[in-house]
Amino acid sequence: MTTAHLSGRRVLLIIGGGIAAYKALELVRLIRKAGGEVMTLLTKSGAEFVTPMSLAALSGHPVRQDLFMPEDETAMGHIELSRWADLVVVAPATAGLIAKAANGMADDLASTTLLATDKKTLWAPAMNVRMWEHPAVQANVATLKSFTGFHQGAFVGPDEGEMACGEYGFGRMAEPAVILQAIDRLIGAGSRPLAGRRAVVTAGPTFEPIDPVRGLTNRSSGKQGYAIAAALADLGAEVVLVSGPVFLNTPQGVRRVEVEAATEMKAAVETELNAAPVDIAVMSAAVADWRVDGVATGKIKKAPGGPPALHLIENPDILASVSKSGSVRPKLVVGFAAETSDLEDNARAKLSRKGCDWIVGNDVSDDVFGSDGNAVTLFTRQGSETWERQSKTDVARKLAQRIADHFKA
Ligand code: C5P
């Protein structure tokens with residue numbers, strides 16, 4: 001039995017009401033044994049079959065139960081739960097849970113989470129054979145299977161056999177070990193959709209020297225760009241991170257090229273474009289708009305005549321030049337727009353002026369620089385989508401996933 005993909009991944013396990021719920025305990029144990037993390041969500045009827053106490057003990061996390069429990073919703077509500085997970089598993093999946101999800105009904109924590117998630121969902125049905133064979137259930141299953149993209153439902157089981165109700169037929173929940181295999185396969189499939197793709201990411205501020213010891217820079221922390229490099233690498237891309245001076249560790253599996261001034265950043269990016277075809281360019285660096293004309297070769301002395309006059313000249317626009325780089329142009333060029341007002345107008349204007357394909361716009365009147373959170377709107381030539389404030393890591397994962405979807409399409 002292989003569980004090569006589960007290590008370090010997060011599974012949200014939704015436990016419906018049915019005698020098979022006892023098998024969910026074993027499933028929790030197996031996922032953790034394979035190195036995965038599990039959060040359990042127990043429906044009201046599920047709680048008639050297994051206790052929150054056993055689930056909490058086995059999963060190592062508090063059990064989520066109620067949509068309207070103030071402490072639950074503030075600690076981790078349906079939106080956070082769906083974001084937290086890499087995969088959602090419903091086991092046992094009752095006829096009721098399947099019906100709600102197939103029809104977009106949301107009236108408790110399990111159903112709202114299933115509707116809110118953009119992660120893949122694995123269903124392990126368990127019910128009486130006549131219920132399973134009922135055309136209404138089969139129609140709902142077909143509906144779930146027909147959803148494309150992230151929401152697509154994958155099914156494991158039900159198995160044929162003797163049931164708790166004494167009948168014989170299809171309806172028994174798949175064995176935990178079999179569900180575990182299905183989880184691993186689902187996490188593995190599509191977990192590296194950017195394998196074989198090459199990406200260049202710029203991040204951090206630039207440092208424009210005045211003399212050998214002084215310079216002009218800005219407050220960019222580089223966190224968002226580093227998170228994007230990490231997220232692209234996680235999806236299998238070969239990532240080169242061209243970084244200005246920051247205090248961050250190089251993400252796993254990413255090659256970092258360190259630069260200081262904008263002109264160096266541009267040269268480093270061009271080197272990469274010319275070395276091998278680049279599929280994805282994400283220009284998230286806060287490149288200084290100006291640099292000092294005629295950098296002093298020695299430290300400028302404090303002189304009685306007063307401070308020196310700095311003459312500034314414009315820096316090259318790296319994003320614009322990458323977007324217009326002809327035969328070496330990356331297939332997808334993504335820029336950033338940090339704005340304090342009129343985000344949409346400014347971002348759209350930037351999209352056409354710079355010639356990139358997408359712009360990630362953020363409203364920096366909010367707390368963005370140096371912070372761990374970010375609220376952005378993704379502008380493409382077709383439209384836009386606004387993502388509510390979330391961690392920079394989650395913004396990066398989402399952007400990387402959108403990029404993967406773009407290449408899949
Ligand atoms: O024009 P503005 O600086 O607002 O544009 C922001 C976008 O352009 C970011 O993606 C940034 O990385 C990129 N940029 C660049 N080179 C510059 C200025 C901005 O690549 N000189």
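Atoms within a ligand are numbered from 1 in the order they appear, just like the ligands themselves. Note that the structure is predicted; figures quoted are calculated from it, not measured. The residues of the chain are indexed from 1 along the displayed sequence.
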One finds that the ligand 1 atoms under 4.0 Å from a non-hydrogen atom of G335 are 10 (O)
Correct closest heavy-atom pair for A337 and L343 would be O-CD1, 4.3 Å
Q. Just checking, K331 and F407: is the charged tip under 6.0 Å from the six-membered ring centre and within 45° of the axis?
A. no
- request: Would you check whether V287 has a nitrogen or oxygen atom less than 3.5 angstrom from a nitrogen or oxygen atom of ligand 1?
  value: no
Side chain to side chain contact (heavy atoms under 4.5 Å, CB included) test vs F336 passes for just one of V282, I359, L319, T202, namely V282
At under 4.0 Å between heavy atoms, what of A286 touches ligand 1? The answer is neither
Exercise. Return the orientation label for the F155 and W132 ring planes: parallel under 30°, perpendicular over 60°, tilted otherwise.
Key: tilted
A student comparing M283, R353, E339 should find that the heavy atom closest to atom 10 (O) of ligand 1 comes from M283
Set out, in order, the CA-CA distance, both residues' side-chain angles and the distance that settles salt bridge (charged side-chain N to carboxylate O under 4.0 Å, His left out) for E339 and K350, then state yes or no. CA-CA 11 Å; E339 305 291 342; K350 212 159 277 185; 2.8 Å; yes
(request) Using distance alone, determine whether K354 and ligand 1 share an N or O pair under 3.5 Å. (result) yes
P316 heavy atoms within 4.0 Å reach ligand 1 at atoms 16 (N), 17 (C), 21 (N)
- Query: Is there at least one pair of N or O atoms, one from F336 and one from ligand 1, spaced under 3.5 Å apart?
  - Reply: yes
Checking R255 against E238 for the salt bridge (charged side-chain N to carboxylate O under 4.0 Å, His left out) test, could you report, in this order, the C-alpha distance in whole Å, the side-chain angles of both residues, the deciding distance, and whether it holds? CA-CA 8 Å; R255 179 160 66 84; E238 177 196 331; 5.3 Å; no
Numbered in order shown, the ligand 1 atoms found under 4.0 Å of a heavy atom of A285 are 11 (C), 12 (O)
